[in-house]
Structure formats: C-alpha cells, structure tokens
Visitor: 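Take a look at this one; I'll ask things after.
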Amino acid sequence: MQAQYQPKTLEPAVQKEWADTKAFVAPDASAKPKYYNVGMLPYPSGKLHMGHVRNYSINDALAHFLRMKGFNVLQPMGWDAFGLPAENAAMANGVPPAKWTWENIAYMKRQLQSLGFAIDWTREVATCSPDYYRWNQWFFLRMREKGIAYRKTGTVNWDPVDQTVLANEQVIDGKGWRTGATVEKREIPMWYLRITQYADELVDALDGLAWPEQVKQMQRNWIGRSYGVEFTLPYAEETARRMNDGNKGLKVYTTRADTIMGITFAAVAAEHPLAAEAAKGNPALAAFIEECRKGGVMEADLATMEKKGMPTGLFVLHPFTRKPVEVWVGNYVLMGYGEGAVMAVPGHDERDFAFAKKYGLAITQVIDVDGQPYSTDAWQEWYEAPGVCVNSGKFDGMAQPAAINAVAADLGVMGLGEKRKQFRLRDWGISRQRYWGTPIPMILCPACGDVPVPDDQLPVVLPEDLVPDGSGSPLAKSPAFYQCQCPQCGGDARRETDTMDTFVDSSWYFFRYTCPGAKAMVDARADYWMPMDQYIGGIEHAILHLLYARFWTKAMRDMGLVKVDEPFRNLLTQGMVLNHIFSRRTDKGGIAYFAPEEVEVKADTEGKIASVALRADGSPVDYGGIGTMSKSKRNGVDPQDLIDRYGADTARLYVMFASPPTDTILWSDTSVEGSFRFLKRLWKLVHDHLEAGGPVAGRAPGEAAKELKDLRFKLHRTIDKVGDDYGRRLQFNTAIAAVMELLNALTDVKDASPAARAVAQEVLENAVLLLSPVVPHVTTVLWAELRPGTRLLDQPWPEVDKAALVQDTVELVLQVNGKLRGHVAVPATASKEEIEKAALASEAAVKFMEGKPAKKVVVVPGRLVNIVV
RNA sequence: GCCCGGGUGGCGAAACCGGUAGACGCAGCGGGCUUAAAACCCGCAGCCGAAAGGCGUGCCGGUUCGAAUCCGGCCCCGGGCACCA
C-alpha cells in the first residue's frame with residue numbers, strides 16, 4: 001500500500017472504475033425498495049459554486065447511505081438551461097445564448113463528474129433541448145383546452161428608453177439597470193395558469209407532507225386562504241351616472257366585516273376605472289395617477305414606499321347608513337389584487353390609520369377590546385385585535401365572529417354582498433417577452449383569433465442563432481420565426497413571440513428523469529419512481545418553485561398522466577452559502593458588481609469592513625453587505641481551486657463538516673486544511689495498521705482488556721450515532737465529528753497485541769464504511785486494502801453490536817442547587833434511591849451542602865443528580 | 001412593509017425531549033522531530049482571577065430544583081415577496 005494519500009491519482013482511477021462498471025445506473029425495476037433522490041437542478045451559469053457542491057454532496061451522501069441500506073437508488077442530474085443570464089451573457093459577449101449555455105453545461109458536467117457524485121447520467125435533462133420543452137408546449141395546450149391556461153392583461157416593468165420589459169432584478173431603485181431611466185408600469189396581455197383553482201388542495205395537502213414546518217408555513221401564508229365578506233359600496237347618484245358601467249357600485253373584499261361601521265373612506269388603485277373616470281376634467285388627479293405609474297411592480301417596493309393618495313371627488317354610499325363615503329386613489333392599492341378597491345377603516349387598520357392621519361380623514365373607533373381607552377392620537381397594536389362592536393348601531397355588543405355573520409347576513413338581504421373565501425395566491429403569469437425560453441405554442445390569426453399550434457407541429461422550435469440587444473424580444477423582430485400560416489384558415493398569421501417562465505421548466509423535470517426517451521411527456525416508469533423520496537435544494541425555493549411544481553404535478557394527475565398527488569415526499573431545504581458583495585453605481589445610474597478577488601478590503605479595529613478599493617486602479621468600491629452567492633452579484637466561489645488543490649473528497653468533506661445542511665453559512669475556506677489533514681490521517685492509520693502485519697480477519701476470542709472493551713463501546717456507539725445522523729437527522733457535521741473522535745480514541749490505544757490489532761481492524765473497517773458516503777473515493781481504495789478482493793460498493797451499512805454497548809457503571813453529574821459540583825459513579829442498574837444515597841454520601845455533596853439538610857433531590861437516570869438545600 | 005429562519009469562544013460549530021455549555025475542527029500558543037522549512041507527533045486553550053471561586057449562549061424580563069433550549073418584549077443578520085433562478 002502507498003504510504004502517501006494522493007487524491008490526484010486516486011480519484012480519477014476510482015471514478016473510471018465506477019464509469020466502467022456503470023455503478024450508478026439505476027434499473028427501472030428491482031426487488032429492492034426504490035429510493036428516488038434529487039437535488040434541485042442547477043442553472044448552467046458557467047461554473048459550479050459552493051452552494052452546488054454543498055447541495056449535491058448532501059444528496060450524494062444520502063444516495064450512498066441508502067444504497068448501503070439496501071435500496072435501489074436513483075440520483076439523476078439535469079440543467080435548468082433557459083433563462084435571463086444567457087441573454088445577458090449574449091449581450092455582453094455577442095455569443096448566442098444557446099452556444100453559451102451548452103458550453104457551460106459541458107464544463108459544469110465535467111466539474112460534477114470530477115466531484116465523483118453517484119449520478120445516473122443516462123437520464124440527464126437539459127430544459128433548453130427541444131425534446132424537453134416540446135412537452136412544456138404540449139401540456140400548455142392541454143391546460144388551455146381545460147381552461148387552466150388563459151389570457152388576460154398583466155402589469156410589467158417597462159423601460160421607456162430601451163423600449164423593453166424588465167425583470168424585477170433589472171430594476172434598481174425604480175430605475176432600469178442599463179439605462180438608468182425611471183421604470184414605468186405597463187399593462188400587456190399575458191398567458192396565465194389557473195393555479196388558484198388548486199389553492200384549496202395546495203394548502204390542505206401540506207398537512208400530510210414530511211416537509212420542514214417552516215416551509216409549509218411559508219406556503220400556507222403565501223396561498224393565504226381567508227374567509228371574508230365581499231360586498232358592494234353602492235355608487236352615489238353622480239358617481240353612478242358618470243361610471244355608467246353596469247355595476248351597482250364599488251366591489252370590495254374584507255376579512256374584517258365586523259369593522260364595517262368604521263368605514264370613513266374607500267380607496268382604489270390608480271389603474272381602477274373609477275380613478276380614470278374621476279381624472280377626466282381633473283388635471284391634478286390625472287397627474288397623480290400618472291405619478292403612480294412610475295416605478296416598478298415589485299411588491300417589496302410598493303409596500304415600503306410612502307403611502308400617498310388623492311380624493312377623486314366621487315362618492316359611494318355606506319351600505320348601512322347610506323351616508324356618502326369619498327373614494328380616494330391610493331398608491332398602495334394594487335389593481336391585480338382582489339378588486340383593486342378597498343374599504344378603509346382607519347380606526348382598526350394600521351395602514352388606513354396612517355393614511356387618514358396624513359390627509360386629515362375621520363377616524364372612528366368601532367371595536368372595543370377589554371375597555372381599553374382609544375385615542376386617535378397614535379396607533380396602538382390592540383386596535384387591530386378582535387373585540388366587541390361599539391358605535392356600530394344594531395351590531396353593538398357583538399363579538400367578532402357573530403358580528404361578521406350578522407353583517408354578511410344583512411348585506412345578503414340587501415343584495416349587496418355575501419361571505420366569500422379568498423386567496424392571497426394569484427394566478428401564475430407565464431408569459432415572458434424574452435428570447436431564451438420555451439416558445440408559447442400559439443398563433444394569432446387576424447381571422448380566427450388565438451389558434452393553438454397543432455400537436456403534430458410540435459415542438460415550436462426556438463431558433464438558436466439569435467443574439468438579443470437589450471431592446472425588446474429578438475423573436476418579435478425575427479420574421480423567420482413569427483411569420484406563419486393559420487392552422488385553421490391557412491391565411492397569413494403571426495406566431496406568439498412570448499416565451500414561458502423558466503419555472504415551467506423546473507415544474508416537472510423530475511418526472512422526465514424517470515423516463516428518458518419516452519415518446520410521451522411521461523410513461524409508466526414515472527409510476528415506479530415517483531413520488532420522489534428526497535428532494536434537496538436551497539431555502540430560497542421554499543415558495544415559488546416548490547409551489548409551482550406541486551401545482552403542475554396535480555394538473556398532470558388530473559390529466560391522467562401520473563398517479564401521484566404530491567411530487568416530493570421529503571424535503572430538505574439547505575441554507576444559503578453567503579459571501580461579501582461589492583458593487584458600484586455606474587454613471588448611467590445602473591449598478592456594477594465586483595468579485596471579491598477584484599477588490600482590496602480594509603478593516604477597522606473591530607474587524608468590520610471600513611473601506612474597499614478596486615485592485616486594478618485603487619478606485620473606491622461600495623461594500624454591499626453579505627448575500628447569497630450568485631452570478632449576477634459576482635460573489636460566487638468556484639470550487640475548482642479546492643478540487644485542484646486537495647481533491648474532491650476534501651472539498652466534499654469540508655462542506656459537509658462545516659455546518660448542518662440547513663444552516664446559512666458565510667463562505668470561508670480557512671479550515672479546508674483540517675479536512676485534508678483528517679483524510680491524510682485516516683490514510684496513515686490504515687497504512688500503519690496494515691504495515692504492522694496485514695489485514696486481520698475476525699474478532700479475537702476471549703475476554704478483552706478494559707481499554708479494548710471501551711474502544712469497542714465507542715465504535716458501536718459511533719456506528720449507531722452516524723446511522724441516526726445520516727438517516728434520521730440528515731445532519732452530517734456531527735456524524736463526521738463522531739468518526740474523528742473514534743479515530744482519536746483508536747490513536748490513544750498503544751497496544752500491538754493480536755487482540756488489539758483485531759479491534760483496530762474492526763474500527764478502521766467501520767470508520768471507512770461510515771465515512772464512505774461523504775468521501776467515497778479514498779474509502780473505496782482503503783477498503784480494498786483492508787479487505788483485499790472485496791469492493792466497498794458491495795458492502796452493506798454496518799450493524800451495531802449490542803453486546804458491545806453494555807456498560808457496568810455510569811457516571812452521573814452531581815449538582816448542588818443546580819450548579820455542577822462533581823461526579824458520582826454508580827452501577828448501571830442502580831435504583832433512584834441508591835443513586836440518591838450515593839450522591840448524598842459523595843465528598844462533593846458533603847462539601848457544598850455545608851451541613852444544611854437536603855430539601856429535595858432530583859434524580860435524572862443516566863444523567864444527573866441535583867441536590868437542593 | 002409583510003411572511004419564514006437565525007444570533008453560543010478569535011472562527012466554523014456541538015449540546016437531538018428542559019439536565020455537565022463549548023464535543024469535533026480551524027486559527028493561536030508551548031514543546032518534540034528536522035541543518036532548516038514543510039509535513040507529522042505531544043500538550044495548552046470561553047472570559048475574569050494567583051487560587052478558591054465567580055461570570056458567561058444578541059439585549060431586557062419571566063417560568064423552573066435546573067433554561068442556549070420554554071414564555072413575553074426588544075435589537076441585529078439572512079431568505080422570500082410572484083419577471084434572478
């Protein structure tokens with residue numbers, strides 16, 4: 001056996017053996033139970049970053065562990081290959097997105113392979129390949145037939161200079177990222193998917209999922225099912241005349257119908273028809289509405305901006321008092337939300353309260369909570385709490401649920417409203433005015449209207465040679481793409497040039513992995529592998545991706561394509577890998593990012609970052625705090641340096657040992673040395689053991705010395721713990737630490753007897769098995785040395801020897817008044833009374849009780865004794 | 001702003017169900033080996049204190065024989081907010 005641990009030669013050799021034996025190709029049928037294990041597919045941004053290494057190292061450890069536990073494991077991989085970065089790269093370098101993407105895929109695949117992940121590459125999926133996205137198109141048409149896909153207008157960010165739609169990411173402080181122009185809202189027609197039709201099931205089914213509670217809670221809140229009252233505020237006479245829209249009044253929705261008598265005004269969105277009507281002949285209002293168009297559509301921006309409003313001069317009537325209520329235009333009311341109009345009860349809604357204070361509108365208390373004194377001077381938390389109606393006429397004295405029922409009933413009698421369930425969740429807008437995505441398979445015919453592309457003409461292939469220039473969609477400027485004949489009438493028509501949201505691609509790729517080459521979207525093989533047993537990916541996907549994939553699965557089920565209700569049985573959301581962000585505003589008002597290695601950081605005396613300068617020319621750079629590693633912020637760390645220097649096993653061991661998978665981690669490579677050192681140590685231990693007399697077969701007979709018994713105790717406790725950490729806790733740092741402790745204990749035993757050598761062999765073999773899911777290369781080689789003629793890949797997970805875990809005495813912690821004062825050793829079988837007696841008689845107890853009698857003695861078996869005096 | 005997490009030595013962390021705070025590792029310090037360096041090996045190490053001991057898990061308060069862990073309030077950091085993926 002080689003004396004030196006040499007990952008550079010060892011790892012490629014082991015990888016070649018795996019490839020030659022097709023070690024990780026999973027059969028679609030097996031006598032073993034199946035285990036389908038997927039990491040969220042990466043976007044091919046160019047290079048892997050540490051977040052990927054972390055993600056797939058966790059997946060891979062589980063894949064190996066479950067294989068050793070006797071499962072037929074499938075671990076596939078693919079590429080989320082459509083998206084904006086390819087277009088940005090194309091604009092920067094003039095390279096078509098397709099070429100850039102395929103090159104990135106080739107490079108990143110080599111990186112994944114060099115990390116030695118146990119991936120079944122025969123099932124690889126790239127979402128930009130026509131073989132894949134044709135099924136996006138096919139399924140879109142099926143959804144359209146069922147009314148799940150439909151068209152309506154939606155609001156987008158519009159850059160008036162580049163004449164193009166911007167992604168939220170491309171809007172910085174309300175300005176376009178390239179032009180610096182103030183972004184505007186613009187209404188355009190878009191395709192939507194009726195996810196709200198599944199809202200009830202999406203929220204109810206969460207209860208049955210073995211997902212982190214945190215993620216389920218986020219999804220529940222996001223879907224936001226509420227039971228409220230929808231009602232109409234009737235138009236006042238002049239308003240009805242001017243609106244002349246066939247509606248009786250302004251429709252609003254509220255979950256707080258019990259506060260209805262506190263309405264002092266109403267508010268509508270700037271895009272609301274009532275606002276438009278009111279603006280006629282009111283230049284100030286028209287200017288305000290125009291003002292509201294400025295800025296993007298991001299919810300976070302809308303929620304934090306200053307609440308502004310203006311009266312319309314139009315009135316609606318309070319449904320009960322018939323008193324006029326003035327309608328205001330508010331910049332915080334969203335048109336895409338409910339009806340685009342809200343009732344305002346400043347007495348009991350914090351946002352309305354602030355608005356009323358600002359514009360001097362009336363504030364009325366209509367809810368009493370335990371008689372607390374109400375004042376309009378300042379908002380208090382309890383104003384929003386449920387209570388009892390006051391100043392509410394016939395509703396006075398009613399508690400919240402009764403009041404809501406009574407209000408709804410009365411509104412019903414008047415024909416003005418009723419109870420209604422509502423969701424915060426909105427339908428999924430999938431149209432993108434971009435090039436690098438799945439073409440939406442529709443044709444717009446001047447004679448026939450919207451006409452679907454016939455199935456036999458799918459896929460609508462995306463041309464791969466276009467280069468976007470930042471102003472509008474290249475497809476919309478490419479007659480070769482959009483000119484076509486109407487499939488119905490044969491006349492000249494125009495192809496839809498919008499492409500699909502890339503979340504469509506990632507909503508069902510895990511089905512496609514299960515049936516590569518299927519002639520349909522999926523085939524029966526999906527029924528074998530699905531539902532997925534373990535899904536692992538970043539916490540940033542807790543809502544959107546996971547919700548869309550759940551919806552898509554249910555839509556496929558209802559179309560009879562698959563049998564599962566839910567795609568992901570178990571979910572592990574890994575924490576983000578963060579790094580420092582350095583940026584600078586450009587002279588155009590945009591923003592430019594710099595990689596950490598491009599800047600020089602100076603810290604103040606407390607170690608905080610004080611100043612940053614560009615290495616190239618010393619010019620100042622802004623410190624942007626810390627954030628997720630991403631290509632757009634240029635703060636990703638390429639693992640290749642680590643792999644080149646230390647090998648794949650060290651890189652994997654390092655990311656797994658650094659923290660529990662769900663923790664957010666701030667990137668630092670200072671302790672990589674330690675992981676490398678540990679593998680060298682493991683190698684040396686095996687080497688020295690074998691040099692001293694070769695492998696030992698079997699256990700030594702007879703009663704072992706205490707030292708060896710203790711070592712075997714430690715070994716089997718470690719096997720138990722590591723199995724629990726991998727299988728139940730999905731926590732790897734503690735498992736690795738436990739094996740480190742075990743090897744430290746082995747080193748402490750200085751005994752070269754045959755009995756000791758036999759125990760050492762047992763310890764080393766098991767340590768190799770326990771570590772093999774994390775560091776499969778080095779353990780493959782070490783196993784072959786320890787057990788010549790056998791393969792690590794054929795070994796089952798080790799069994800705990802229960803006999804080795806039997807102990808004669810246990811040491812308990814001794815506390816006096818809750819403070820640690822010593823230890824007391826008792827027989828493992830001692831009763832509570834015997835433990836108490838031994839504790840009270842101990843030297844430490846006598847000393848710290850200072851002669852006082854024990855008031856109480858708490859005994860926790862196997863743990864501690866606490867004497868209270 | 002709203003929803004969801006997190007905060008423990010110089011650093012990454014451990015403590016799984018309320019029971020020894022800091023396992024394991026990094027960096028550091030002392031020693032060994034070496035002509036020297038690297039590598040490797042042994043030892044020390046939360047803070048204050050000579051010691052006895054005291055203090056200590058973001059901050060303030062509470063429950064408990066006992067709190068990093070449970071409860072109330074606050075501060076800071078991260079993720080998401082529907083066109084980044």
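Throughout, protein chains are lettered first and strands after them, A, B, ... in sequence-line order, and every chain is numbered starting at 1.
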Visitor: Using a heavy-atom cut-off of under 4.0 Å over every strand shown, decide if A/Gln731 touches base, sugar-phosphate, or nothing.
Guide: sugar-phosphate
Visitor: Would you classify A/Gly224 as touching base, sugar-phosphate or nothing, given that sugar-phosphate means primed atoms plus P, OP1 and OP2, and contacts are heavy atoms under 4.0 Å?
Guide: nothing
Visitor: Of all the choices, B/rA39, B/rG19, B/rC16, which nucleotide is nearest to the side chain of A/Arg728 once you look at every atom?
Guide: B/rC16
Visitor: Just N and O in the side chain of A/Lys819: are any of them under 4.0 Å from OP1 or OP2 of B/rC55?
Guide: yes
Visitor: Looking only at atom P, what distance separates B/rC71 and B/rC17, rounded to whole Å?
Guide: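 Going atom to atom, P in each nucleotide, I get 14 Å.
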Visitor: With both distances under 3.5 angstrom, what nucleotide forms a Watson-Crick or G-U wobble pair with B/rG72?
Guide: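 When the pairing criteria are applied, B/rC60 turns out to be the nucleotide that pairs with B/rG72.
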Visitor: Nearest to the side chain of A/His823, which nucleotide is it out of B/rA85, B/rG19, B/rU20?
Guide: B/rU20
Visitor: NA contact type, A/Gly538, heavy-atom cut-off 4.0 Å: base, sugar-phosphate, or nothing?
Guide: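 Nothing, no nucleic acid heavy atom in range.
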Visitor: Is it true that A/Asp498 and A/Arg432 make a salt bridge, defined as a side-chain N closer than 4.0 Å to a carboxylate O?
Guide: no
Visitor: Expressed in whole Å, how much space separates the C1' atoms belonging to B/rC65 and B/rA27?
Guide: 40 Å
Visitor: Does atom NZ of A/Lys358 have more than 12 heavy-atom neighbours from other groups under 6.0 Å away?
Guide: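 Correct, the count exceeds 12.
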Visitor: A/Thr628 side chain N/O closer than 4.0 Å to the phosphate oxygens (OP1, OP2) of B/rG78?
Guide: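 No.
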Visitor: On RNA chain B, does the nearest nucleotide to A/Glu350 precede the nearest nucleotide to A/Arg863 from the 5' side, or the other way round? Give the residue.
Guide: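 Taking each residue's closest nucleotide, the earlier one in sequence belongs to A/Glu350.
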Visitor: Can you tell me which nucleotide in B/rA15, B/rA85, B/rA13 comes closest to the side chain of A/His541?
Guide: B/rA85
Visitor: Please determine, for the side chain of A/Ser671, which listed nucleotide (B/rU20, B/rC40, B/rC26) has the closest atom?
Guide: B/rC26
Visitor: Rounded to whole angstroms, how far apart are CG on A/Leu666 and P on B/rG5?
Guide: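 The answer, rounded to whole Å, is 22 Å.
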Visitor: Would you measure the distance from the C1' atom in B/rU20 across to the matching atom in B/rG46 and give it in whole Å?
Guide: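 After rounding to an integer number of Å, I get 15 Å for this pair.
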Visitor: From CG of A/Leu814 over to C1' of B/rG19, roughly how many Å is that when rounded to an integer?
Guide: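 Rounded to whole Å, this separation is 13 Å.
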Visitor: Choosing from B/rC42, B/rA82, B/rG25, which nucleotide comes nearest the side chain of A/Thr747?
Guide: B/rC42
Visitor: Going by heavy atoms in the side chains, are A/Asp80 and A/Pro42 under 4.5 Å from each other?
Guide: no
Visitor: Heavy atoms under 4.0 Å, any strand shown: does A/Val156 hit a base, just sugar-phosphate, or nothing?
Guide: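 The answer is base, as A/Val156 lies within the cut-off (heavy atoms under 4.0 Å) of a base atom.
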Visitor: Under the 3.5 Å rule, do the base of B/rC65 and the side chain of A/Asn866 count as making a donor-acceptor pair?
Guide: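 Answer is yes: a donor-acceptor pair is held.
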Visitor: Look at A/Thr502 and B/rA85 and indicate whether a side-chain polar atom (N or O) is within less than 4.0 Å of OP1 or OP2.
Guide: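 Checking B/rA85 against A/Thr502, a side-chain N or O does come within under 4.0 Å of OP1 or OP2.
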Visitor: Measure from NZ or CZ of A/Arg550 to the centre of the six-membered ring of A/Trp211, then state whether that distance is under 6.0 Å and the direction lies within 45° of the axis.
Guide: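 A/Arg550 over A/Trp211 ring: yes.
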Visitor: Strictly below 4.0 Å: does A/Asn733 bring a side-chain N or O up to OP1 or OP2 of B/rG25?
Guide: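 Answer no for this pair, as no side-chain N or O of A/Asn733 is under 4.0 Å from OP1 or OP2.
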Visitor: Which of the following nucleotides, B/rG5, B/rG79, B/rG54, is nearest to the side chain of A/Gln214?
Guide: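 Nearest nucleotide to the side chain: B/rG5.
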Visitor: Applying a 4.0 Å non-hydrogen cut-off, can you work out what A/Lys631 is touching in the nucleic acid: base, sugar-phosphate, or nothing?
Guide: nothing
Visitor: Sticking with atom C1', work out how far B/rG78 lies from B/rG30, rounded to a whole angstrom.
Guide: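 Going atom to atom, C1' in each nucleotide, I get 40 Å.
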Visitor: Using a 4.0 Å heavy-atom cut-off across all strands, classify A/Ser431 as base, sugar-phosphate, or nothing.
Guide: base
Visitor: Please work out if A/His545 contacts a base, only the sugar-phosphate, or nothing of the nucleic acid, heavy-atom cut-off 4.0 Å.
Guide: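 Touches nothing.
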Visitor: With rounding to whole Å, what would you report as the distance between B/rC2 and B/rU57 at their P atoms?
Guide: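 Looking at atom P only, B/rC2 and B/rU57 are 29 Å apart.
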Visitor: Mind checking the P distance from B/rA14 to B/rG22? Whole angstroms is fine.
Guide: 15 Å
Visitor: Given B/rC42, B/rG1, B/rG79, which nucleotide is nearest the side-chain atoms of A/Ala300?
Guide: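 The listed nucleotide nearest to A/Ala300's side chain is B/rG1.
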Visitor: Grab the CG-C1' distance between A/Leu572 and B/rG79 for me, whole Å please.
Guide: 15 Å
Visitor: With sequence neighbours left out, what residues match A/Trp683 under ring pair (Phe, Tyr, Trp, His ring centres under 6.0 Å)?
Guide: A/Tyr5
Visitor: Which nucleotide in the set B/rA15, B/rA39, B/rC81 lies at the smallest distance from any side-chain heavy atom of A/Glu299?
Guide: B/rC81
Visitor: Could you identify the nucleotide paired to B/rC16, looking across every strand shown and requiring Watson-Crick or G-U wobble geometry with both distances under 3.5 Å?
Guide: none
Visitor: In whole angstrom, give the distance that lies between atom CD of A/Gln217 and atom P of B/rG80.
Guide: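 After rounding, the reported distance stands at 19 Å.
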Visitor: Using purine N1 to pyrimidine N3 plus N6-O4 or O6-N4 for Watson-Crick, or N1-O2 and O6-N3 for G-U wobble, both under 3.5 Å, which nucleotide pairs with B/rC44?
Guide: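 For B/rC44, the partner nucleotide comes out as B/rG28, under the 3.5 Å rule.
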Visitor: For A/Asn168 and B/rA82, is the shortest distance between a side-chain N/O and OP1 or OP2 below 4.0 Å?
Guide: yes
Visitor: Heavy atoms only, 4.0 Å cut-off, all strands: where does A/Lys847 land among base, sugar-phosphate and nothing?
Guide: sugar-phosphate
Visitor: Between B/rG79, B/rG19, B/rG53, which nucleotide gets closest to the side-chain atoms of A/Met218?
Guide: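 That would be B/rG79.
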Visitor: Taking the minimum atom-to-atom distance to the side chain of A/Glu540, which one of B/rA14, B/rA85, B/rG19 wins?
Guide: B/rA85
Visitor: Could you work out the separation of B/rC59 and B/rG19 based on their C1' atoms and round it to a whole Å?
Guide: 26 Å
Visitor: Should the pair A/Arg220-A/Glu213 be classified as a salt bridge under the 4.0 Å nitrogen-to-oxygen rule?
Guide: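 Counted as a salt bridge, because a side-chain N and a carboxylate O are separated by less than 4.0 Å.
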Visitor: With a 4.0 Å cut-off on heavy atoms, is A/Thr304 in touch with a base, just the backbone sugar-phosphate, or nothing at all?
Guide: base
Visitor: OP1, OP2 of B/rA23 versus side-chain N and O of A/Asn744: anything below 4.0 Å?
Guide: no
Visitor: Under a 90° cut-off about 0 for the syn range, is B/rC17 syn or anti?
Guide: syn
Visitor: Round to the nearest Å and state the distance from A/Arg220 atom CZ to B/rC4 atom C1'.
Guide: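 Distance check: A/Arg220 CZ to B/rC4 C1' gives 12 Å.
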Visitor: Taking any heavy-atom pair under 4.0 Å as a contact, classify A/Tyr332: base, sugar-phosphate, or nothing.
Guide: nothing
Visitor: Taking atom P in both B/rC74 and B/rA82, what distance in whole Å separates the two?
Guide: 27 Å
Visitor: Of A/Met576 and A/Met740, whose nearest nucleotide on RNA chain B comes first from the 5' end?
Guide: A/Met740
Visitor: Taking any heavy-atom pair under 4.0 Å as a contact, classify A/Trp428: base, sugar-phosphate, or nothing.
Guide: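 Since no nucleic acid heavy atom lies under 4.0 Å of A/Trp428, the category is nothing.
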Visitor: Hey, is the side chain of A/Arg677 pairing donor to acceptor with the base of B/rC40 inside 3.5 Å?
Guide: no
Visitor: Identify whether any heavy atom of A/Met629 sits under 4.0 Å from a base atom; if not, whether one sits that close to sugar-phosphate; answer base, sugar-phosphate or nothing.
Guide: nothing
Visitor: Under 3.5 Å, is there a donor-acceptor pair between the side chain of A/Asn579 and the main chain of A/Thr628?
Guide: no
Visitor: Scan A/Pro660 against the nucleic acid and name what it touches under 4.0 Å (heavy atoms): base, sugar-phosphate only, or nothing.
Guide: sugar-phosphate
Visitor: If we call it a pair only when both distances are under 3.5 Å in a Watson-Crick or G-U wobble match, what pairs with B/rG1?
Guide: B/rC81
Visitor: Syn or anti for B/rG9, taking syn as within 90° of 0?
Guide: syn
Visitor: Check whether A/Gln170 reaches the backbone of A/Ala167 with its side chain - one donor and one acceptor, N or O, closer than 3.5 Å.
Guide: yes
Visitor: Could you tell me whether the side chain of A/Ile440 reaches within less than 4.5 Å of the side chain of A/Ser431, counting heavy atoms only?
Guide: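 Result yes, sub-4.5 Å side-chain heavy-atom pair found.
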Visitor: Could you tell me whether a side-chain N or O of A/Lys308 sits under 3.5 Å from a main-chain N or O of A/Met305, the two making a donor and an acceptor?
Guide: no
Visitor: Under 4.0 Å, heavy atoms only, any strand: does A/Lys855 hit a base, just the sugar-phosphate, or nothing?
Guide: nothing
